[in-house]
Colleague: 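Take this structure, written in structure tokens, and hold onto it; I'll ask about it next.
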Amino acid sequence: MAYPDDYRTITIERRGAADWLTLNRPDSLNAITATMVGELADYFGRLVHDRTTRVVVMRGAGRAFCAGLDIRDRSESGHDSVPFAGGYGFQGYLADVYVRMRRCPQPIVSLIQGAACGGGFSFVLASDIRIAGESAKMNAAYIKLGLTACDMGCSYFLPRLVGTSVASELMLTGRFIHAQRALATGLVSEVVPDTDLEAAGERLVEELLAASPMGLRMTKEGINLAIDAPSLEAAMAIENRNQLMTAASPDFQEGMQAFLEKRRPNYAGG
């Protein structure tokens with residue numbers, strides 16, 4: 001699927017079956033504007049129908065991942081420019097991006113350097129896998145502005161990732177969590193020097209693409225559903241359904257044959 005080449009605040013680089021999405025406002029630490037929200041909503045919305053993109057890598061240009069909302073952009077926008085967003089205005093407009101990130105079938109890998117604050121922190125939280133550079137520092141900045149820290153999915157994502165106690169500490173204080181503590185609490189999977197972030201992302205993408213197309217996306221779906229499953233039986237019902245569906249795919253036979261022959265599978269996709 002072709003994506004617009006006129007995005008102004010993000011860039012999409014195609015590398016095989018992976019999209020490398022870069023937040024591209026480095027002079028503003030990739031702060032979120034209404035234009036960026038519209039472009040991210042468009043991109044992640046299109047992924048649902050994109051069978052060729054199998055993995056998304058999300059990162060920020062320059063020295064930060066994303067410093068959060070661009071306050072100047074919001075204060076300079078007139079009332080007529082505020083989207084309706086189901087009656088919630090800009091609040092609902094931005095919130096929908098995180099919903100689209102979770103709904104898209106492709107795993108999202110975030111590569112974090114420098115600051116990831118507020119809405120930028122929520123981009124990290126809404127991803128599936130997170131790799132931090134040594135300079136990474138993240139916080140629920142909302143509470144520092146006189147707001148509640150329960151914003152942009154933070155109250156949903158963060159306790160599930162690090163537990164209620166650590167999430168409460170970070171959200172009630174707005175404290176930064178730096179790379180090594182993020183690793184210790186399970187918020188990120190790996191910490192590498194900032195200069196090695198891209199290489200670490202490439203290695204992970206290669207491993208993800210070794211899975212069958214259906215197996216990869218149905219595993220993301222299964223994890224999402226199991227996290228909120230009301231019981232073991234409900235989670236296993238999803239597992240059974242997804243396993244039967246993938247077993248009926250020709251890629252299962254190819255995967256089994258490749259395993260026996262000790263070679264990399266040549267999946268047809270689907």
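Given the structure is predicted, the values throughout are model-derived calculations rather than measurements.
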Colleague: Is the closest side-chain heavy-atom distance between Tyr267 and Pro213 below 4.5 Å?
Modeller: yes
Colleague: Distance from Asn24 atom CG to Arg8 atom CZ, nearest 0.5 Å?
Modeller: 12.0 Å
Colleague: Look at Glu169 together with Arg175 and state whether they make a salt bridge at an N to O cut-off of under 4.0 Å.
Modeller: yes
Colleague: Rounded to the nearest 0.5 Å, how far does CD of Glu233 lie from CG of Asn240?
Modeller: 11.0 Å
Colleague: Please tell me whether Thr9 and Glu39 have a donor and an acceptor in their side chains that are separated by less than 3.5 angstrom.
Modeller: yes
Colleague: If you measure from the Lys or Arg side-chain nitrogens to the Asp or Glu carboxylate oxygens, is any gap between Arg15 and Glu198 under 4.0 Å?
Modeller: yes
Colleague: Could you walk me through whether Met58 and Val124 pass the side-chain contact (heavy atoms from CB on, under 4.5 Å) test, one step at a time?
Modeller: CA-CA 9 Å; Met58 191 172 186; Val124 171; over 6 Å; no
Colleague: Does Leu21 offer a backbone N or O that forms a donor-acceptor pair with the side chain of Glu13 under 3.5 Å?
Modeller: no
Colleague: With rounding to the nearest 0.5 angstrom, report the SG to CZ distance, Cys104 to Phe44.
Modeller: 6.0 Å
Colleague: How many angstroms lie between CG in Asn224 and CD1 in Ile227, if you round to the nearest 0.5 Å?
Modeller: 6.0 Å
Colleague: Do the charged groups of Arg102 and Asp128 touch, with an N to O distance under 4.0 Å?
Modeller: yes
Colleague: Can you check whether Ala61's main-chain N or O pairs, donor with acceptor, with Asn30's side chain at less than 3.5 Å?
Modeller: yes
Colleague: Do Tyr93 and Leu40 sit in one hydrophobic cluster, given that two such residues count as connected whenever their side-chain heavy atoms are within less than 4.5 Å of each other, even indirectly?
Modeller: yes
Colleague: Answer yes when Glu239 and Arg241 have at least one side-chain N-carboxylate O distance shorter than 4.0 Å, and no when they do not.
Modeller: no
Colleague: What I'd like to find out is whether the side chain of Pro105 reaches to under 4.5 Å of the side chain of Lys220, using heavy atoms alone.
Modeller: no
Colleague: Once you round to the nearest 0.5 Å, how far does CZ of Phe65 lie from SG of Cys117?
Modeller: 11.0 Å
Colleague: Keeping the roles fixed (side chain from Glu206, backbone from Gly201), state whether a donor-acceptor pair exists under 3.5 Å.
Modeller: no
Colleague: Between Ser231 and Ala234, is there a donor-acceptor pair closer than 3.5 Å when you use the side chain of the first and the backbone of the second?
Modeller: yes
Colleague: Is the CD atom of Gln243 crowded by more than 12 outside heavy atoms at less than 6.0 Å?
Modeller: no
Colleague: Would you name the heavy atoms of Gly174 and Asn139 that are closest together and state the gap between them?
Modeller: O-ND2, 3.0 Å
Colleague: Is there a salt bridge (Lys or Arg N to Asp or Glu O under 4.0 Å) between Arg263 and Glu254? Walk through the geometry before answering.
Modeller: CA-CA 10 Å; Arg263 60 173 173 82; Glu254 168 60 15; 2.7 Å; yes
Colleague: Can you find a side-chain donor-acceptor pair between Arg130 and Ser110 that sits under 3.5 Å?
Modeller: no
Colleague: Under a 4.5 Å side-chain heavy-atom rule over Ile, Leu, Val, Met, Phe, Trp and Tyr, are Leu187 and Leu172 clustered together?
Modeller: no
Colleague: Quick one: does Tyr142's side chain have a donor or acceptor within less than 3.5 Å of a partner on Gly118's backbone?
Modeller: yes
Colleague: Please check this pair: side chain of Gln113 against backbone of Ala64, looking for a donor-acceptor N/O pair closer than 3.5 Å.
Modeller: yes
Colleague: Measure across Ala182 and Met138 and return the closest heavy-atom pair with its distance rounded to 0.1 Å.
Modeller: CB-CE, 3.8 Å
Colleague: Main chain of Met36, side chain of Thr33: is a donor-acceptor contact present, judged purely on distance under 3.5 Å?
Modeller: yes
Colleague: Under 6.0 Å between ring centres: does that hold for Tyr43 and Tyr7?
Modeller: no
Colleague: For a side-chain contact (heavy atoms from CB on, under 4.5 Å) check, start with the C-alpha distance between Ile143 and Thr148, then their side-chain angles and the critical distance, and finish with the verdict.
Modeller: CA-CA 5 Å; Ile143 200 166; Thr148 167; over 6 Å; no
Colleague: Can you find a side-chain donor-acceptor pair between Ser135 and Asp194 that sits under 3.5 Å?
Modeller: yes
Colleague: Looking only at heavy atoms, which two atoms of Val191 and Ala179 are closest? And how far apart?
Modeller: CG2-O, 3.5 Å
Colleague: So Leu47 and Val56, do their side chains get closer than 4.5 Å, heavy atoms only?
Modeller: yes
Colleague: Under a 3.5 Å distance rule, please check whether Ser155 uses its side chain to pair with a backbone N or O of Asp151 as donor and acceptor.
Modeller: no
Colleague: Please check if any side-chain donor atom of Thr52 sits under 3.5 Å from a side-chain acceptor atom of Asp50, or the reverse.
Modeller: yes
Colleague: Looking at every non-hydrogen atom in both residues, tell me the closest pair between Ala247 and Phe252 and how far apart they are.
Modeller: O-CD2, 3.5 Å
Colleague: Taking Leu23 as the starting point, is it possible to reach Leu197 by hopping between hydrophobic residues whose side chains are less than 4.5 Å apart?
Modeller: no
Colleague: Where do Arg54 and Leu208 land on the side-chain contact (heavy atoms from CB on, under 4.5 Å) test, with the steps shown first?
Modeller: CA-CA 9 Å; Arg54 297 183 54 208; Leu208 292 170; over 6 Å; no
Colleague: Going from CD1 on Ile71 to CG on Leu69, what distance comes out if it is rounded to the nearest 0.5 angstrom?
Modeller: 4.5 Å
Colleague: Going by an N to O cut-off under 4.0 Å, is there a salt bridge joining Arg103 and Glu221?
Modeller: no
Colleague: Output, in order, the C-alpha distance, side-chain angles, deciding distance and verdict of side-chain contact (heavy atoms from CB on, under 4.5 Å) for Gln106 and Arg217.
Modeller: CA-CA 6 Å; Gln106 297 84 352; Arg217 64 177 183 262; over 6 Å; no
Colleague: Taking the side chain as every heavy atom from C-beta outward, state whether Thr22 and Ile10 have any atom pair closer than 4.5 Å.
Modeller: no
Colleague: Minimum heavy-atom separation for Phe121 and Leu158, please, with both atom names.
Modeller: CZ-CD1, 4.0 Å
Colleague: Can you check whether Arg14's main-chain N or O pairs, donor with acceptor, with Asp19's side chain at less than 3.5 Å?
Modeller: no
Colleague: Taking the six-membered ring of Tyr156 as reference, does the NZ or CZ atom of Arg160 fall below 6.0 Å from its centre and within a 45° cone about the axis?
Modeller: yes
Colleague: So, for Ala140 and Leu170, which heavy atoms are closest and what is the spacing to 0.1 Å?
Modeller: CB-O, 4.4 Å
Colleague: Would Val188 and Phe176 show up in the same hydrophobic cluster when neighbours are defined by side-chain heavy atoms closer than 4.5 Å?
Modeller: no
Colleague: Is there a path of hydrophobic side-chain contacts, each under 4.5 Å between heavy atoms, that joins Leu225 and Met101?
Modeller: no
Colleague: Between Arg46 and Thr53, is there a side-chain donor-acceptor contact under 3.5 Å, judged purely by atom types and distance?
Modeller: no
Colleague: Tell me which one of Leu94, Val97, Asp70 satisfies side chain to side chain contact (heavy atoms under 4.5 Å, CB included) with Ile32.
Modeller: Leu94
Colleague: Check for a donor-acceptor pair, side chain of Asp96 on one end and backbone N or O of Ala41 on the other, with a separation under 3.5 Å.
Modeller: no
Colleague: Is there a side-chain contact between Cys154 and Leu125 (heavy atoms, below 4.5 Å)?
Modeller: yes
Colleague: Kindly determine whether Glu261 and Gln257 satisfy side-chain hydrogen bond (donor to acceptor under 3.5 Å, both in side chains), including the steps that lead there.
Modeller: CA-CA 6 Å; Glu261 296 174 2; Gln257 193 65 32; 2.6 Å; yes
